[in-house]
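Below is one structure, written out as structure tokens; the observations come after it.
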Amino acid sequence: MKLVEIVFDLPLDRTFDYLAGRWAGQLQPGCRVRVPFGPRSAIGWVVGEKEVEKAVYRYRTISRLYDRQSLLTSELLELCRYLAWRYCASLGQVLATITAGFSLTYPAGKKSSPERKDNQPSPENNLFSTTAVPAGETTFFLYGKQHQRNQYLLSLASASSGSCLFLFPETRAASCFHHFLAGYFPDRTVFFHGELPGSLRLKLWHRLMTEKNLFLVGTRLGVFAPLTDLSLICLDEPEHPGYQERRQPRYETTEIASWRARKLGAGLVLTEGCLSLSHYHAISSGQARLSVASQVLLRARVRVIPWQRASRRQLLTFLTEEAIACLEETVLKGQRLAILHHRKGSFRLISCKNCDHCFPCPDCALPMVPLEKTKSLACRFCGQNFPLPEKCPACGSKKIIWRGTGLHNILQSLKKAYPHLEIATVTAEEKMPSNPSAQIFLGTLALEEIMEEIAPALLLIPAADAFLNLPDYRSEERFFCLVNRCRQKMPPEATVLLQTYNPGLPLFQSLVANNDQLFYEKELQLRRQLAYPPFTTLLKIEIETRPEKKLDKQRRVLEELFSRCQMEPVYNGPGYPPVIRKHYRWKYLFKLASLENLKRLRPASEMPEVSLTFNPVEM
DNA sequence: AATAAACTGTTG
DNA sequence: AACAGTTTATTC
């Protein structure tokens, strides 16, 4: 008896067998079908077929076939199996991720693939030098300004034979590059990302599968593009958190790109503003090549100002005398300056001076934040609101102190100190400042995106330590890369000013000396000693369930599994936050020396309340 | 994951 | 017994 193997978007690592019925002969692996499944019907993916002697079950019959042709190439099917293993997900979950949001129906009417005429850049456009990338090799390209990256990618595109993939961490960045590239290759360039409507995604998908010599520009989902003649994969800012999928399977785009490049013998090019530590390690250990844009070495200089407790001005408490002098000098010269701070809003938290009560959320157990606008106390995890308290509920004291400095405070005191200056604020919510003629640009990390446009003569980071005191082993590395990226986007004669309580840190020495290697080597040494990436792989396993009793039970189940696998967590404790919307959370962290035993974690990934994340962006 | 069946405990 | 609320097994 001939049976068709089908998988579903469920955390079940197995196939279900069906009879082909009237679809016999048309069912290729990678086709979507509708089948009766228990008391309901479900959409599944065909993954194979098999022959059995006698029926073990009462097999049911496929009721509908959605795809005439498979949505996947054989290479992608193999990639799916790798993904399922690598991220402890079911094959169905992987397939659902790749074909997520595709419409089930095809547009009516005949599609005629238009004949492309102009595939090569016209001579007048061909001013750039062409650069070839060795097949099957990984190359890092360091750039300062965006046009350097664009120019480099364009030269790669021109030199390529076959299709190329250009991936970006955000739709906006992808869209910008798409415009740029489509200016040279209007007929070969395709824009693909997860926000497109399902019918268009399906149509584009079909085009990618049938045509050759295409340039696909897209976001992380584009890494699965079914291109059959892929010769080059480029990823911009590969360490950007936008590349990590948030749902199961939580794949890392760079890892998939690397798998495909190796499999197909294609080139892999990673372009970034500053090498991450693991990339530096890959290069220094000979696994990858480095190529540098000539202007990268012309970076804005960095100065570090140590905090001295005594000398604080009344109005500008967040600046040292030295920083104030620099600020005023820049302003007097009529130059622009940017101030980077990691907290937006006004205050971070309030606490009772008497008993240190810090007003935790009744459901989430972590301190709530005061919101000045609505005069309320809000939980940033569940969004609950309460009126601002007059007195401490624990001890009754009326002495409630406000702590922490936010962007808003800085704005207020700057306005007071310099009433005549125009100040623009830049946050993730309002990226483009309303007054682009401002002299001071005050913002959070979102400032980096428009750093090239404002081109400030001075970048001031008043609380550099605040970036480093985060509970994450990568905080120094991230700050180092952030500063380096910013200084490359600024004019080369500009200055970056950092205020810190720890001027002696190798991080700062390295920045001031403009010697990246100094920081990388120190940090690598530390990572090796503490068995952190790139020398291990981190795995975060989290439980989130409703009644506390259930959490205890699942903890016991997991911990038994861990001891069977001889896996010792380096962290075993409440999640952050420990409770969210009355759901209790528990967290385990592992440092995996190898990925050999991933299969044994299967039982954990089949529990719907348990989630697995490798190398999590947030610990 | 979605569903149904089995199993609780509470209450009149 | 009737009911709601919760846990457990099943899906080819």
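In this text, all values refer to a predicted model and were calculated from it rather than measured experimentally. Side chains are part of it too, since the values below use all heavy atoms of this structure and drop only hydrogens, waters and symmetry mates.
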Any protein N or O atoms within reach of nucleotides 2-7 of chain B? Criterion: under 3.5 Å, listing atom names and distances.
residue, atom, partner, partner atom, Å
B/dA2, O4', A/Arg40, NH1, 3.0

Atom pair distance, as rounded to whole Å: [atom1] in [X] and [atom2] in [N]:
X       : N      : atom1 : atom2 : result
A/Arg58 : C/dC12 : CZ    : P     : 10 Å
A/Arg60 : C/dT11 : CZ    : C1'   : 9 Å
A/Ile62 : C/dC12 : CD1   : C1'   : 11 Å
A/Tyr57 : C/dT10 : OH    : P     : 11 Å

Are [X] and [Y] ion-paired here, with the side-chain N under 4.0 Å from a carboxylate O?
X        : Y        : answer
A/Arg172 : A/Glu449 : yes
A/Glu544 : A/Arg585 : yes
A/Lys550 : A/Glu609 : yes
A/Arg260 : A/Glu75  : yes
A/Arg474 : A/Glu476 : no
A/Glu560 : A/Arg556 : no

What residues from residues 8-25 of chain A pass a heavy-atom cutoff of under 4.0 Å to DNA chain B? A/Leu10, A/Pro11
A/Phe359 vs A/His357, test: ring-ring contact (aromatic ring centres under 6.0 Å, His included). Steps then yes/no. CA-CA 6 Å; A/Phe359 301 92; A/His357 180 78; 5.0 Å; yes
Under 6.0 Å from the CD atom of A/Glu559, do we count more than 12 heavy atoms belonging to anything else shown? yes
Got a sec: does the CZ of A/Arg602 have more than 12 other heavy atoms crowding it under 6.0 Å? yes
Nucleotide N/O of nucleotides 4-8 of chain C paired with protein N/O under 3.5 Å:
residue, atom, partner, partner atom, Å
C/dT8, OP2, A/Lys553, NZ, 3.1

Quick one: are the ring centres of A/His281 and A/Phe535 less than 6.0 Å apart? yes
